[in-house]
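Data block below; observations after.
Values below: every heavy atom of this structure, side chains too, minus hydrogens, waters and symmetry copies. Both ligands and their constituent atoms are indexed starting at 1 by order of listing. On a predicted model such as this, the values are computed, not experimentally measured, just so you know.
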Amino acid sequence: MQTHLRGRDVIDFQEWTRDELETVLDVAFALKRDRALGRPHPYLRDKVLAMLFFFSSTRTRASFEAGMAQLGGHAQFIESRSTQIAHGDTAKEIGEILGRYNDGIAIRNVDWGVGNTYLREVAEASRVPVLNMQCDLFHPHQALADLMTIIERLGDPRGRTATVSWACAKTYSKPLSVPQSLIMLLPRFGMNVRLVHPPEFGLLPDLVDQARENARRAHASFEVMDDFDAGIKDTDVVYAKSWGATLTTSDEAEEARLVAAHESWITDARRLATAAPDAIYLHPLPAERGVEVTDEVIDGPQSAVYDQAENRLHGQKAVMALTMA
Ligand code: CP
């Protein structure tokens, strides 16, 4: 149990030690138990979190805001259309000024080549912790909720296999941040990770190398595959979601053509049946039903997507209680 986390930023959990992450998990499960028992836990009474959104959100906004209320504090919703955060206010000004009003600054900025740099610039200028609500590179609080769900459903994750796969989706080009945070976090808890994607949908090579190194240190395995069926076979966790061909092309029409060429990458009952008998299906949501995943799978008994979404609340409350108290 680590007791020195007050003031720490969460840009990505790669910057946190395994001991520190164990502390977050421990507190998150304790807060989840307290909520189930109706036991109040106002660890952040009178504290305020600024939530800056440069991109839309359902779960992230709702869970951070509910979490602050349950911890006895308040969350300010500040979004780019009705404020000056996307034009005029610099990252330094945001860090300096909102750091003086608030006890934490949470930010979602998924603009490619911009988001992570912006968060780090705000953090540099801020006297209070900066929490990443998803940037172009990482979505740490999603990965934390995913790990909690795996532990709840499968028990000790060591030696289990997680398939982090690309899946087809047609609405918009999604950030690389969810798979990048996942492939780095899961091996640190002893999981064997298969990263599966068509060649054109690669992740940042430095982060893939980091994931491989994390696996080596944890005596786990890490494989990159390009066959969806082979990637799912005998796995314990099927985590298949869409992301953009960001490293291959910036041309929207070309990306749409690449997506269309891989329409068969849908998680369906036939594929899920080839996974381990107790395998779980995860997706951070929103999912494109009928394109990324069939209704039968996402609504089926192996789907843990609602527990996964719920765990956003408990994991983030643990982070906020530990860093903002
Ligand atoms: N999973 C997730 O981050 O959902 P939102 O985009 O709705 O916040």
Side-chain angles (χ1 to χ4, degrees), residues 10-13 28 49-70 75-81 85-86 104-112 114-116 118-119 130-150 152 162 164-167 169-186 203 237-244 246 267 280-289 291-293 297-299 303-320:
V10 177
I11 310 287
D12 191 62
F13 284 125
L49 175 73
M51 303 188 303
L52 275 63
F53 282 93
F54 293 82
F55 189 73
S56 57
S57 163
T58 305
R59 280 144 291 271
T60 303
R61 176 188 173 181
S63 53
F64 268 100
E65 197 164 326
M68 273 307 287
Q70 290 164 21
Q76 295 184 39
F77 175 59
I78 302 169
E79 55 92 42
S80 52
R81 278 168 304 184
I85 60 172
I105 303 174
I107 303 172
R108 169 170 285 195
N109 186 334
V110 298
D111 292 345
W112 180 245
V114 173
N116 189 263
Y118 179 83
L119 262 79
V130 167
L131 308 180
N132 186 352
M133 296 196 294
Q134 189 175 20
C135 68
D136 51 335
L137 304 184
F138 308 119
H139 198 353
H141 296 95
Q142 181 65 57
L144 172 62
D146 302 337
L147 177 61
M148 289 176 67
T149 310
I150 291 168
E152 286 176 333
V164 177
S165 179
W166 184 85
K170 296 182 173 172
T171 48
Y172 67 96
S173 180
K174 287 151 189 142
L176 311 184
S177 46
V178 169
Q180 290 184 162
S181 279
L182 269 177
I183 62 166
M184 291 198 297
L185 183 66
L186 298 184
L203 303 182
V237 176
V238 179
Y239 198 126
K241 77 170 297 295
S242 130
W243 61 80
T246 313
T267 309
I280 57 170
Y281 169 78
L282 297 180
H283 191 293
L285 303 178
E288 287 187 35
R289 286 170 175 254
V291 183
E292 277 185 291
V293 57
V297 167
I298 199 167
D299 295 329
S303 173
V305 296
Y306 298 128
D307 288 348
Q308 192 185 355
E310 179 185 339
N311 283 331
R312 294 291 306 275
L313 174 72
H314 309 298
Q316 290 157 197
K317 282 169 68 179
V319 168
M320 292 189 289

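For ligand 1, the protein residues placed under 4.0 Å by at least one non-hydrogen atom are S57, T58, R59, T60, R108, H139, Q142, P284, L285, R312.
In this structure, a donor-acceptor pair under 3.5 Å is absent between the side chains of D12 and Q180. Residues S181 and Q142 have side chains that never bring a donor and an acceptor to within less than 3.5 angstrom of each other.
Identified under the salt bridge (charged side-chain N to carboxylate O under 4.0 Å, His left out) test for residues 131-146, with sequence neighbours left out: none.
The distance from the CD1 atom of I107 to the CZ atom of F54 is 7.0 Å, given to the nearest 0.5 Å.
Heavy atoms only, all atoms of each residue included: M320 and G67 are closest at CE-C, 4.0 Å.
When the options K241, K170, K174 are evaluated for a side-chain hydrogen bond (donor to acceptor under 3.5 Å, both in side chains) with E288, the one that passes is K174.
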